[in-house]
Amino acid sequence: MVQSVGIKDVARVAGVSVGTVSNVINRPDTVATETRARVLSAIERLGYVRSESARQLRAGRSRIMGLLVLDMGNPFFVDVARGAERAARAAGLGVMVCNSAQDPGEEAEYLSLFAEQRVRGVLLTPADATGRNIEAFRRHGIPFVLVDRVAEGTTECSVSVDDVAGGALAVRHLVDAGHRSLAYVSGPPGLNQVRDRRTGALNALAEAGLGPDRLRELPTERLDVAAGRDAGARLLGLADRPTAVFCANDLLALGVLQAMYAAGVGVPDDLAIVGYDDIEFAAAAAVPLTSVRQPAVTMGALAAELLLEETESDGTRQSHEHRRVVLRPELVVRRSSLSAR
């Protein structure tokens, strides 16, 4: 078993005190040039790496921020992570990225891990619709910011997109194009985002004088391409197939598109498709995908900045004011919805 090199080993080899080694590492300007060079030489020779966990215990503050998202296989959450990492690095912090896989049990385990590690704070896109995981985590006193979810009934900060407005944008576009029979491939019904996008879709139908019966919902267990292909197969099996489909995210929409292509159904002439998120793959699809764009990188960066503001406000968090930031979505029209009816 290889024994790790400690600060005492460096002090012994350099012929200085442990305090001098600590000063070289943390306050190099306070150490004489010759002594500093001797200590640095010993550090290099021994391969010493300082213990970040020990430093954090002494300082009482972690330099790690946790990020727990629904699905790191979804490019939308990759962009959220990019934005969070950018803001964290600018403040000298790192980000521990974890994936709940839309599973409340996985989410609970990762939140426990964050508590054990005493991270600086957590950016969280909740998978548990009951709120029990958040309530349990709150007892640890670690600040957190909700991402892609409005902080309803809580005092925490949140950064989200107006998904009701986004759902309305998508369906209003399809109705304006002449569609009167639509489907909503919705994903897991327990997710607030899925429900809000459906609410927006129904609002757009009501604006056009159309009833909720004009929107047939096809729920899926997951928000991925495979679930989209399954939903596409169900669409194909309908006797009165809708002429347009709105999907709760782009991965579902790409799966529906694949199913239509395999069955020889023309997009957009036989079926118009609109997705949500506007991930990079949306524009690169075989039929470029119309999508509701969410500013994912901005969302991640703003959430990280709110968390940093809370954890850096005079050390007591008393000067921090919790805020709910709601960003506006934008419809990006491409060929998948441009059929003439």
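Please read these numbers as outputs of a predicted model, since none were measured by experiment. Starting from 1, each residue takes its place in the sequence as its number.
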Is the closest side-chain heavy-atom distance between Val69 and Ser100 below 4.5 Å? no
Which atom pairs, one a donor and one an acceptor, fall under 3.5 Å between side chains of residues 72-92 and the rest of the protein, sequence neighbours left out?
{"unit_1": "Asn74", "atom_1": "OD1", "unit_2": "Phe76", "atom_2": "N", "d": "2.9"}
{"unit_1": "Asp79", "atom_1": "OD1", "unit_2": "Arg82", "atom_2": "NH1", "d": "2.8"}

Salt bridge (charged side-chain N to carboxylate O under 4.0 Å, His left out) between Arg216 and Asp240: does it pass, once the steps are laid out? CA-CA 11 Å; Arg216 182 175 303 191; Asp240 54 342; 2.9 Å; yes
On a heavy-atom basis, the closest approach of Gly211 and Leu205 is O-CD1, 4.0 Å
Salt bridge present between Arg172 and Asp176 (N-O < 4.0 angstrom): no
Salt-bridged, Arg149 to Asp196, with N to O below 4.0 Å? no
With heavy-atom distances below 4.5 Å as the criterion, would you say the side chains of Leu223 and Asp71 are in contact? no
Measuring only between side-chain heavy atoms, which start at C-beta, is Arg27 closer than 4.5 Å to Val31? no
Please indicate whether Glu217 has more than 12 foreign heavy atoms, meaning atoms of other residues, nucleotides or ligands, lying under 6.0 Å from its CD. yes
Does the side chain of Gln193 pick up a donor-acceptor pair with the side chain of Asp148 at under 3.5 Å? yes
Over 12 foreign heavy atoms within 6.0 Å of CZ, Arg139: no
Assigning hydrophobic clusters by single linkage (Ile, Leu, Val, Met, Phe, Trp, Tyr; side-chain heavy-atom cutoff under 4.5 Å), is Val297 placed with Val325? no
Closest heavy-atom pair, Cys247 versus Tyr184, reported as atoms and distance to 0.1 Å, is C-CE1, 4.3 Å
In terms of heavy-atom contacts, does CD of Glu280 have more than 12 from other residues, nucleotides or ligands at under 6.0 Å? no
Note, Met260 side chain near Leu236 side chain (heavy atom, < 4.5 Å): yes
Check whether any side-chain heavy atom of Met65 lies under 4.5 Å from a side-chain heavy atom of Val119, and answer yes or no. no
Within 45° of the six-membered ring axis of Phe246 and under 6.0 Å from that ring's centre, is NZ or CZ of Arg197 located there? no
Under-4.0 Å salt bridge between Arg328 and Asp162: yes
